[in-house]
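Order of the sequence lines sets the chain letters (A, B, ...), proteins ahead of strands, with each chain counted from 1.
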Protein chains: 2
Amino acid sequence: MTKVVKFGGSSLASAEQFKKVKDIITAEDSRRFVVPSAPGKRFSADTKVTDMLYGCYDLAAKGKDFTKEFDAIKERYNGIISELGLDMSLENEFNVIKACFIGKAGRDYAASRGEFLNGMVLANYLGYNFIDAADVIFFDERGQFDAKRTNKVLSERLEGLDNAVVPGFYGSMPNDTIKTFSRGGSDITGSIVAAAVNADLYENWTDTSGFLTTDPRIVKDPAPITTITYKELRELSYMGASVFHEDAIFPVRKAGIAINIKNTNAPEAPGTLIVESTSQKPAYTITGIAGKKGFTVINIEKDMMNAELGFGRRVLEVFEKNGVSFEHMPSGIDTMSVIVTQEEFADKEQEILAGLHRNCHPDMIEIETDLALIAVVGRAMKANRGTAGRIFSALAHSHVNVKMIDQGSSELNVIIGVSESDFETAVKSIYDIFVETKL
Amino acid sequence: MTKVVKFGGSSLASAEQFKKVKDIITAEDSRRFVVPSAPGKRFSADTKVTDMLYGCYDLAAKGKDFTKEFDAIKERYNGIISELGLDMSLENEFNVIKACFIGKAGRDYAASRGEFLNGMVLANYLGYNFIDAADVIFFDERGQFDAKRTNKVLSERLEGLDNAVVPGFYGSMPNDTIKTFSRGGSDITGSIVAAAVNADLYENWTDTSGFLTTDPRIVKDPAPITTITYKELRELSYMGASVFHEDAIFPVRKAGIAINIKNTNAPEAPGTLIVESTSQKPAYTITGIAGKKGFTVINIEKDMMNAELGFGRRVLEVFEKNGVSFEHMPSGIDTMSVIVTQEEFADKEQEILAGLHRNCHPDMIEIETDLALIAVVGRAMKANRGTAGRIFSALAHSHVNVKMIDQGSSELNVIIGVSESDFETAVKSIYDIFVETKL
C-alpha cells in the first residue's frame with residue numbers, strides 16, 4: 001500500500017508541527033511520498049514564509065537592501081532545524097537564493113524557495129530522499145502544466161525509491177526557469193505525485209478535520225462531511241464552498257485515487273474522503289449547502305414564446321456575444337429568467353438589453369438584482385423522497401421568499417434563488433432541517 | 001353599457017335552449033350584440049349540425065345523393081322554428097345551400113351554414129337585426145384574419161344599430177368565398193365583435209359554470225375559478241387545461257375587455273371572469289393546476305460546463321436545427337436537462353444525440369422518457385410565502401418523486417416534472433393541499 005501525504009503550511013509552521021507530521025508519517029509504513037508546503041503562520045498575526053519571500057524579492061528587484069528581511073526567513077528555518085536538533089545547515093542554499101534574488105531569478109523562483117527549503121528540512125528530519133520538484137514537475141512553452149512529460153519523468157524517478165520528499169507548488173519551464181502553480185498549488189503537486197506512483201490514497205493534511213456541511217460563518221460548528229464525491233465537491237465549490245484547489249482534483253480523479261482531507265492537529269479524526277463514487281450512505285440526506293451572493297436575474301416575457309422555435313437560443317446568443325455566461329435559465333410558460341453574475345452583467349447591461357430587444361422582441365424585460373443562489377447538494381437526495389418538500393417548508397417557516405427554483409433531472413442538487421438579505425437565514429434553515437433535526 | 005354575448009352550440013341546440021337564451025338576453029338591456037354557434041348536441045348520442053353539414057357536403061362533393069341527410073338538417077331548424085312559434089321560413093335559404101353544395105361551394109361554406117341559419121332564427125326570435133358575418137368579417141389573400149379591415153367595416157356597420165345577431169365561426173375571403181376559423185371559432189367572432197363595438201364585457205355562454213381549478217377527469221367536481229388573468233389562462237391552457245380558443249383572447253385582450261364565461265343552464269352562477277389584471281384576491285393560493293404527459297428529458301453532463309461560454313446556446317442550437325423546440329431547460333452545476341415533447345423528439349433522436357456530441361462534447365448524455373409536466377399557476381403564489389413548501393410536501397406525502405422543478409423569478413407558476421405514472425396522484429395531491437384543505 002502506498003499513500004502520498006501532502007502537508008499544508010500550518011502543518012509545517014514550526015518545530016512542534018514538524019513533530020506531529022513525523023508522528024503521522026511514521027505511524028504507517030505506507031506514507032512513503034511526502035509533499036510539503038512552505039512554513040505557514042504559527043499564530044494569526046504571523047507572516048507566511050511565502051509572503052516573506054515575495055517581500056524580499058520585491059525589495060531585491062528594486063535594488064534595495066533586503067538583508068534584514070532575508071535574515072528573518074533564515075531564522076524561521078534555522079529555528080526549526082535547531083529545535084528539531086537536526087544535523088544540517090542551509091547556509092549554502094541561503095547564499096544561492098540571495099544571489100539569485102539579486103540576479104532577478106523571478107518572483108516564481110522566489111516564492112518556490114519556501115517549499116524547496118522546507119522540503120530539505122523535512123527530508124532530513126524524516127530520513128527520506130529529497131527530490132527537487134524542478135527536476136520532476138514540468139510546464140510547457142505556454143506555461144501550461146505538462147502532464148505527460150511530468151508523469152513519465154516523475155514515475156520513473158520515484159519507482160526505485162522507498163520514500164521521497166517532493167516540495168509542492170513549483171516546477172520548471174522548458175528553459176529551466178522556475179514556475180509555480182497558482183497560490184495553494186501544493187495540493188496540485190500532491191495530486192500529481194499520487195497519480196505518478198499510482199497511490200492507493202492521497203492524504204491531504206491541513207488544519208481542519210475535512211470539509212464542513214456548510215459555511216461556519218453562517219452556521220456555528222457545522223457537521224463535517226465524511227464522504228463526498230468529486231461531483232458533489234465540484235458543485236459545492238463552484239457555489240462558493242471552501243476550497244480544494246480545483247486543478248488538484250483532476251490528476252487523482254483521472255487515476256481513480258481517493259483524496260482524504262485530514263487534520264494534522266487531530267490525526268484521529270476521520271476527515272473527509274473524496275471519492276469518484278461510493279455506496280456509502282451519507283450521514284444526512286444532503287451532503288452540503290453552499291451559496292453565493294451577487295447575481296442578477298433578467299426576466300423576459302413574451303406571449304407564445306414556447307411556440308417560437310429558436311427563442312431560447314437567440315436569448316442566450318445575446319449574452320454570449322457580450323461575453324456574459326449565464327448560470328441558470330429557469331422558465332415558465334411565456335416567461336424565461338436568465339441568471340448571471342452581477343459583476344459580469346453590470347458592464348454590458350445596456351448592450352444586452354438592446355440585443356434582447358433586437359434579437360427576441362420580448363413583450364417585457366425586467367431586471368432584478370441582489371439575488372443570492374443556494375445549492376443544496378447530495379447524492380442521497382434522489383433516493384430520499386420529499387427532499388424538496390423539506391427544503392421549501394423550512395424556507396417558508398423561516399419567512400424566506402423563494403424567487404427561483406431549478407432542479408434538473410439528475411436530482412443531485414437543487415438550486416434556489418433568494419434575496420441577498422435572506423441568504424444567511426435560508427442557508428441556516430436548510431441546514432437545521434436536514435442536519436440538526438435530521439428530518 | 002354594452003355587452004357582446006356569444007352562445008355555444010349546446011346553448012342553442014333546441015327550442016328549449018333558445019328560450020333560456022332569450023331570457024338571458026332580455027334580462028339585461030346591455031346584451032345588445034349576439035354571436036350564436038350552430039345547434040349542438042341535445043343529448044350525448046346526438047349529432048352537431050356542423051357535423052351533419054360536413055357529412056352532407058362530403059356526399060355532394062362525391063356526386064352522391066344527400067337528400068335524406070339534408071332533410072335531417074332542415075328538420076333540426078324547422079323543429080326549433082315551429083316549437084318557438086316563429087313566423088318565418090328558411091325554405092329559400094335551404095334551396096340556395098343545396099344548390100351551392102352541388103356547385104361545390106367548399107367545405108368551409110358548408111360548415112358555416114350552421115351558424116348562418118341559426119343566426120337568422122335567433123334574430124327573428126329576439127327581434128334583433130341579422131348581419132351576415134360574410135359581410136363584416138374578413139380574411140386576407142393568405143387566409144389570415146384581416147383585423148384591420150374587419151374592425152373598420154364591423155364597427156361602422158354596428159355603430160348605428162341598437163342590436164344585432166352576427167353568426168359566429170366564419171367570414172369571407174377577398175374573392176367572396178366563405179372561410180371559417182378553426183373549430184370552436186365562434187369564440188373568435190364574439191371577441192372580434194366585442195372589440196369592434198368597444199364592449200364593456202364579452203359574455204361567453206356555454207354549458208359549464210366557467211373554468212375549473214383542475215381537470216375533472218382527475219379530481220371529482222373541482223372548484224370553479226372565479227377570476228383568472230389572461231396570463232394565467234394562457235399558462236393553464238398551454239399545459240393542457242380546457243379550453244378557450246386561444247385566438248379568441250387576443251382581440252379583447254388588446255382592447256382591454258374582460259371575458260365572462262357563463263352557464264346558459266345556470267345563469268345565476270358567477271362563472272369565470274377573464275381579465276387583464278385584477279386586485280381581486282383569488283379564493284385559493286393557486287388559480288389552477290394543469291399538466292400534460294408525453295415529455296422526454298435529455299440530461300447532459302459535462303465537467304466545468306458553467307465555465308464554458310456558449311455551452312447552453314450550442315446545446316439549444318442542436319435542437320433548433322432539428323426543428324425540435326424545448327419546453328424547459330433546468331440546470332444544476334455541470335448538468336443541464338433539456339425537456340422536449342416525446343412526439344417531436346422521437347423522430348430526430350439520433351440526429352440530436354449526434355449533434356450534441358459533435359457540438360458540445362458532453363461527458364455523458366442520458367435520456368429519460370415518459371415524463372409528465374405539471375404547471376401550478378397562480379398570481380397569488382408570489383405573495384403567499386411557502387407555496388413551494390406546500391406543493392413539495394404534498395407530493396412527498398403522496399409518494400411522488402419530483403424529477404424536475406422549474407420556477408422562474410416571475411413566480412407566477414411552478415413547473416414540476418414527475419413520472420407519467422405519478423401524474424394523476426401528483427395533480428390530485430396538489431389540488432387537495434390548496435383547495436380541499438385550503439392550507
Between G312(B) and L316(A), the two heavy atoms sitting closest are C-CD1, 3.7 Å
Ring pair (Phe, Tyr, Trp, His ring centres under 6.0 Å) filter on F326(B), not counting sequence neighbours, yields none
When the 4.5 angstrom heavy-atom criterion is applied to S337(A) and chain B, the contacting part is side chain
Between the CD1 atom in I391(B) and the CD1 atom in I405(A), the distance rounded to the nearest 0.5 Å is 7.5 Å
Listed by number, the residues in residues 370-387 of chain A that come under 4.5 Å of chain B (heavy atom to heavy atom) are A375(A), K382(A), R385(A), G386(A)
Honestly, the part of H399(A) sitting under 4.5 Å from a heavy atom of chain B is both
Whatever's closer than 4.5 Å to a heavy atom in chain A on E317(B) counts as both
Heavy-atom closest pair (R253(A) atom, D303(B) atom, distance to 0.1 Å) is NH1-OD2, 3.4 Å
Honestly, the part of V315(B) sitting under 4.5 Å from a heavy atom of chain A is neither
- K231(A)/D363(B) ion pair, N-O < 4.0 Å: no
Distance col, row K321(B):NZ vs L309(A):CG, nearest 0.5 angstrom, shows 12.5 Å
Sorted by chain and number, sequence neighbours left out, ring pair (Phe, Tyr, Trp, His ring centres under 6.0 Å) with F345(A) holds for none
If one checks every heavy atom of M304(A) against chain B at 4.5 Å, the contacting part turns out to be both
Heavy atoms of I333(A) and I415(B) approach each other most closely as CD1-CD1, 4.1 Å
With a 4.5 Å heavy-atom cut-off, do H328(A) and S331(B) have their side chains touching?
yes
For residues 412-425 of chain A, the side-chain hydrogen bond (donor to acceptor under 3.5 Å, both in side chains) pairs (sequence neighbours left out) are E235(A)-N413(A), K293(A)-E424(A)
From the list G323(A), A394(A), S325(A), G332(A), the residue making the most non-hydrogen contacts under 4.5 Å with chain B is G332(A)
Bottom line for D406(A): the part with an atom under 4.5 Å from chain B's heavy atoms is both
If one checks every heavy atom of E301(A) against chain B at 4.5 Å, the contacting part turns out to be side chain
Within the structure provided, determine whether D334(A) and Y238(B) are in side-chain contact (heavy-atom separation under 4.5 Å).
no
